[in-house]
2 protein chains.
Amino acid sequence: MSGWEPVRRTRAFEDVIAQIELRIAGDGLTVGDRLPAERHLAEQLQVSRSSVREAMRVLETLGVVSSQAGRGPDAGAVLISKPAEALTDLLRLHLGLSSLSLDEVVDARLMIEQWSAAHASVHGADLSVLAAALERMERATTAEEFVEHDTAFHVGIAEASGNRLIAAIMLSLRDSLRRYAVEAVERLGDTAGLMADHHRIYRVIAAGDPAEASAAVETHLRYAYPDISPALRPREHGAEPAGP
Amino acid sequence: MSGWEPVRRTRAFEDVIAQIELRIAGDGLTVGDRLPAERHLAEQLQVSRSSVREAMRVLETLGVVSSQAGRGPDAGAVLISKPAEALTDLLRLHLGLSSLSLDEVVDARLMIEQWSAAHASVHGADLSVLAAALERMERATTAEEFVEHDTAFHVGIAEASGNRLIAAIMLSLRDSLRRYAVEAVERLGDTAGLMADHHRIYRVIAAGDPAEASAAVETHLRYAYPDISPALRPREHGAEPAGP
DNA sequence: GACCACAGTATGGTCTGACCATATTTTTTC
DNA sequence: GAAAAAATATGGTCAGACCATACTGTGGTC
């Protein structure tokens, strides 16, 4: 009686998700296309409407469908693509569970900012969004307002890198850290230093120098967040492993 | 009649999620703790069990709860922390929707691999997992088997960096790219070159040199994936922006 | 006392059918 | 023809039932 595989009991709503995913891959469903109404889907797939609805909640959570009630062309479930919102929810919950620490999120942000700035500098994208964000930052009167445009500036860099996945991750990290960004601005008291950093970042990206762009971002973040983990240096020979 | 805010109709399951999130933040609920049974939660929150279940599907999708049927200490909904699985689902679906391109995922992977290797080299973590993966790679007879241990090696580097968020993203990216990794190994035909790369990566990480580790990873990935986007170089003055 | 079979029970998983809120479409009325 | 009313299709919610699962308790057997 050995060698038997455990029966993998798949739940009904999982089958619904799998079917929808098959349609996406096979029938070439894409963003903007509508899915059948919940009642029709339930009948066609021979499951209850509850199971279809649970599948919809999952797909909605992952940022691939959006549901609208009512009647007409805009009603029903439509395929969308909002990975950033899903990532934001994910980060927020796991930060709350303390399964991710703030340090880890901040370090990830530094990595992505440097990468984005370096790639934006060679990608040749339109930088007018960055210039506009800089102007608005100059005119900001509160820390919240400053951070809002600061976020637009940094997310703009990620988008200018041409990588939508990186940009989505960047946006999620910023959303998760917004509170701490406001605290950082209030702690510094003066935004002159920050603005000098930002203008330097903009300048070197526009000049097309990836190494300088990466360095400028690192300088900026270390100024804004002194508690950030230290820069990497070669480990001393024979140094003991980290840990308590 | 202007200046009115649209009434933000919150759905019942969203309120349930918010309540659970409040308990996580306020009561210090953490990984391993159990949530009340669906029927009890429905009664306490004055909503139907369906709404509670839809909330559970969302939290399950985000990798923060796991549900077990039956009775006893292991039954019911338990708080967990599996961000990597949620990320994997997210990437797979958005890749299928063509809202993310393979290039973007591969580029993100290169970024994370370099960061991980550099930080692993200075973090002083236990590298025995990497050594074991190397041995198993040597003995692999099929491309699938090789890729399996190759994945363990690269994910091991990300874990050795000490950043769980980065490690989770790394794992998700690898899962999404597994198919292409197998193709890459089959295309190369011989794994001798790949093994030399891997041994070099292990060596420089163990030696504690972040710059060399980053370079070794980049060399390796460019060898395995010749189609990867080119290395960054300063943009020529007056170069035209990238086209469509 | 140790063991085992069996009923009891609490859990998630599923289904059915109903009703509500919303928004468009169709029909009726003036 | 325009306005008003009814019909209709959609997602959102609820109540109640039943099933499958897995532990818990109880009793009998040895």
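The side chain to side chain contact (heavy atoms under 4.5 Å, CB included) check on B:S99 picks up A:S81, B:H94, B:L97, with sequence neighbours excluded. For B:H198, the ring-ring contact (aromatic ring centres under 6.0 Å, His included) criterion is met by B:F153, B:H154, B:H220, not counting sequence neighbours. For B:E38, the side chain to side chain contact (heavy atoms under 4.5 Å, CB included) partners are B:R49, B:V52, B:R53, B:M56, not counting sequence neighbours. Annotation: side-chain hydrogen bond (donor to acceptor under 3.5 Å, both in side chains) contacts of A:D126 (sequence neighbours excluded): A:S128.
A donor and an acceptor atom, one from each side chain of A:E145 and A:T141, are located under 3.5 Å apart. For the residue pair A:T151 / A:E148, no side-chain donor-acceptor distance below 3.5 Å is found, with atom types taken as modelled.
For A:Q68 and D:dG12, the CD to P distance is 9 Å, given to the nearest whole Å. When rounded to the nearest whole Å, the span between CD of B:E54 and P of C:dG12 equals 16 Å. Rounded to an integer number of Å, the gap from CD of B:Q46 to C1' of D:dT13 is 14 Å. Distance CZ (B:F13) to P (D:dC14): 12 Å, rounded to an integer number of Å.
With hydrogens and angles ignored, a donor-acceptor pair closer than 3.5 Å exists between the side chain of B:R49 and the base of C:dG13.
For the OP1/OP2 pair of C:dG13 and a distance below 4.0 Å, the side-chain nitrogens and oxygens of B:R53 include at least one atom meeting the criterion.
Taking every heavy atom of residues 32-42 of chain A and every atom of DNA chain D, pairs under 4.0 Å involve A:A37, A:E38, A:R39, A:H40, by number.
Remark: B:R92 engages A:E21 in a salt bridge, criterion side-chain N to carboxylate O under 4.0 Å. Salt bridge present: B:E113 and B:R109 bring a charged side-chain N and a carboxylate O closer than 4.0 Å. Salt bridge annotation for B:R57-B:E60: present, with a cationic side-chain nitrogen under 4.0 angstrom from a carboxylate oxygen.
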Pull out every protein N or O sitting under 3.5 Å from an N or O of nucleotides 23-25 of chain C, one pair per line with the distance.
residue : atom : partner : partner atom : Å
C:dT24  : O4'  : A:R71   : O            : 2.9

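The residue A:A12 sits close only to the backbone: its heavy atoms come under 4.0 Å of sugar-phosphate atoms, none of a base. Note on B:S50: a base of the nucleic acid sits closer than 4.0 angstrom, heavy atoms only.
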